[in-house]
Participant: 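Before I ask anything, here is the structure I am working with.
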Amino acid sequence: MEQETKELRRVGLKVTHPRMRILQIFDEEGAQHLTAEDVYKKLLAHQEDIGLATVYRVLTQFEAAGIIVKHNFEGGQAVYELDRGKHHDHMIDVDSGKVIEFVSEEIERLQHEIAAKHGYVIEDHSLVLYVRPKQRASRKD
């Protein structure tokens, strides 16, 4: 609880019950990607009287403050994750919608090489792979 309080104060947000509870949900979930509706359902499951509109407002504030990152993966709802400051890329299972995080030094190196070859330096990037389990993919052939 103390860590969440420090984090909110560090970014200039008042410590309110809704902000604390939403931040705690993300802390509890670890690296998971949650929609606003997922957060709302978890609050309801804990008998919290925090409305969906408040969840959206707090998530927007957290995004602006750099506490969370919002992803708009193709064909799906926006999902949010804590910004832990470590770069990673994503794979989306097109059958289940599951989000898988991964880090590849080789992919990172190749991206920088490609940009340099064309006379550029990468400022930021996002890589999303849309995948299907091998068993299902081979059946489609």
Side-chain angles (χ1 to χ4, degrees), residues 1-13 15-141:
M1 192 82 108
E2 185 179 322
Q3 182 61 33
E4 289 91 353
T5 301
K6 285 180 183 177
E7 182 68 12
L8 290 175
R9 288 193 176 128
R10 180 186 67 78
V11 297
L13 292 172
V15 177
T16 65
H17 180 72
R19 288 178 182 147
M20 290 291 293
R21 287 300 295 130
I22 292 169
L23 194 52
Q24 287 169 351
I25 285 171
F26 278 96
D27 274 342
E28 292 166 7
E29 297 302 320
Q32 284 200 9
H33 300 76
L34 302 172
T35 66
E37 290 78 12
D38 292 335
V39 173
Y40 178 65
K41 288 175 188 172
K42 290 179 182 299
L43 290 168
L44 287 178
H46 290 93
Q47 288 84 41
E48 294 287 348
D49 187 24
I50 299 170
L52 185 57
T54 300
V55 171
Y56 275 105
R57 185 171 52 255
V58 169
L59 291 175
T60 300
Q61 292 167 343
F62 283 1
E63 182 186 9
I67 295 173
I68 62 171
V69 177
K70 179 180 178 180
H71 299 285
N72 291 301
F73 297 127
E74 196 172 301
Q77 289 180 297
V79 293
Y80 302 84
E81 68 176 314
L82 283 177
D83 185 353
R84 300 194 186 279
K86 295 180 182 171
H87 175 75
H88 59 272
D89 295 305
H90 298 93
M91 290 189 295
I92 311 299
D93 182 317
V94 296
D95 294 331
S96 69
K98 180 180 176 184
V99 179
I100 303 129
E101 294 182 352
F102 71 95
V103 175
S104 170
E105 294 304 320
E106 183 178 6
I107 290 174
E108 296 302 313
R109 180 183 53 76
L110 286 170
Q111 291 176 114
H112 287 280
E113 284 178 15
I114 292 166
K117 180 180 175 180
H118 292 278
Y120 291 93
V121 175
I122 295 176
E123 289 293 320
D124 191 17
H125 80 280
S126 173
L127 175 64
V128 180
L129 304 174
Y130 295 90
V131 299
R132 179 172 281 118
K134 284 184 179 182
Q135 302 87 338
R136 291 195 88 154
S138 62
R139 286 187 219 142
K140 290 203 175 230
D141 293 337

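Here, residue 1 is the first one in the sequence, and each next residue gets the next number. As a basis for the values below, the full set of heavy atoms in this structure was taken, side chains included, without hydrogen atoms, waters or symmetry mates.
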Participant: Quick check: Tyr120 with His118 (ring centres under 6.0 Å apart)?
Facilitator: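 For His118 and Tyr120, the ring centres are not under 6.0 Å apart.
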
Participant: Let me confirm one number: the OG1-CG distance from Thr16 to Leu8, rounded to the nearest 0.5 Å.
Facilitator: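 Thr16 OG1 to Leu8 CG: 7.0 Å, rounded to 0.5 Å.
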
Participant: Determine the sole option in Val69, Ile68, Ile67 for which the side chain to side chain contact (heavy atoms under 4.5 Å, CB included) test with Asp83 is passed.
Facilitator: Val69

Participant: Could you check whether atom CD of Glu105 has more than 12 heavy atoms from other residues, nucleotides or ligands sitting under 6.0 Å from it?
Facilitator: no

Participant: Regarding Gln24 and His46, do their side chains bring together a donor and an acceptor under 3.5 Å, going by distance alone?
Facilitator: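 No.
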
Participant: Going by atom types alone, do Tyr56 and Glu37 pair a side-chain donor with an acceptor below 3.5 Å?
Facilitator: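 Present: a donor and an acceptor within the cut-off.
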
Participant: For the residue pair Ala78 and Asn72, what are the closest heavy atoms and their distance?
Facilitator: CB-OD1, 3.2 Å

Participant: For the residue pair Arg57 / Thr54, report whether a side-chain donor-acceptor contact shorter than 3.5 Å exists.
Facilitator: yes

Participant: Distance check, rounded to the nearest 0.5 Å: Lys41 atom NZ versus Leu52 atom CG?
Facilitator: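 These two atoms lie 10.0 Å from each other.
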
Participant: For a quick test of reading the model, state the closest non-hydrogen atom pair linking Ile92 to Gly97 and the distance between them.
Facilitator: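 In terms of heavy atoms, the two residues are closest at CG2-O, 4.3 Å.
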
Participant: Begin with the C-alpha distance, continue with both residues' side-chain angles, and end with the deciding distance and a verdict on side chain to side chain contact (heavy atoms under 4.5 Å, CB included) for Leu34 and Tyr40.
Facilitator: CA-CA 10 Å; Leu34 302 172; Tyr40 178 65; over 6 Å; no

Participant: To the nearest 0.5 Å, tell me how far Glu63 CD sits from Lys70 NZ.
Facilitator: 5.5 Å

Participant: Begin from the C-alpha positions of Glu28 and Lys42 and carry the test side chain to side chain contact (heavy atoms under 4.5 Å, CB included) through to its verdict.
Facilitator: CA-CA 11 Å; Glu28 292 166 7; Lys42 290 179 182 299; over 6 Å; no

Participant: Please find the pair of heavy atoms, one from His33 and one from Asp38, that lie closest to each other, and give the distance.
Facilitator: O-OD2, 4.3 Å

Participant: Is it the case that more than 12 heavy atoms not belonging to Asp49 sit under 6.0 Å from its CG atom?
Facilitator: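 No, not enclosed.
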
Participant: May I ask you to decide if the ring planes of His90 and His88 are parallel, tilted or perpendicular, using 30° and 60° as cut-offs?
Facilitator: perpendicular

Participant: Testing the basics here: between Met91 and Phe102, what is the closest heavy-atom pair and its distance to 0.1 Å?
Facilitator: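 In this case the closest contact between Met91 and Phe102 is CG-CE2, 3.6 Å.
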
Participant: Side chain to side chain contact (heavy atoms under 4.5 Å, CB included) for Ile114 and Ile122? Distances and angles first, verdict last.
Facilitator: CA-CA 10 Å; Ile114 292 166; Ile122 295 176; over 6 Å; no

Participant: Measuring from atom CG of Leu13 to atom CD of Gln61, what distance do you get when rounded to the nearest 0.5 angstrom?
Facilitator: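 Here the interatomic distance stands at 6.0 Å.
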
Participant: Tell me the closest heavy-atom pair linking Phe26 and Tyr80, and the distance in Å.
Facilitator: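 Scanning both residues completely, I find the closest heavy atoms to be CE2-O, 3.4 Å.
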
Participant: When rounded to the nearest 0.5 angstrom, what is the spacing between NE2 in His17 and CD1 in Ile22?
Facilitator: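 Reported value, rounded in 0.5 Å steps: 9.5 Å.
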
Participant: Which atom names give the shortest non-hydrogen contact between His125 and Asp89, and what distance separates them?
Facilitator: NE2-OD1, 3.7 Å

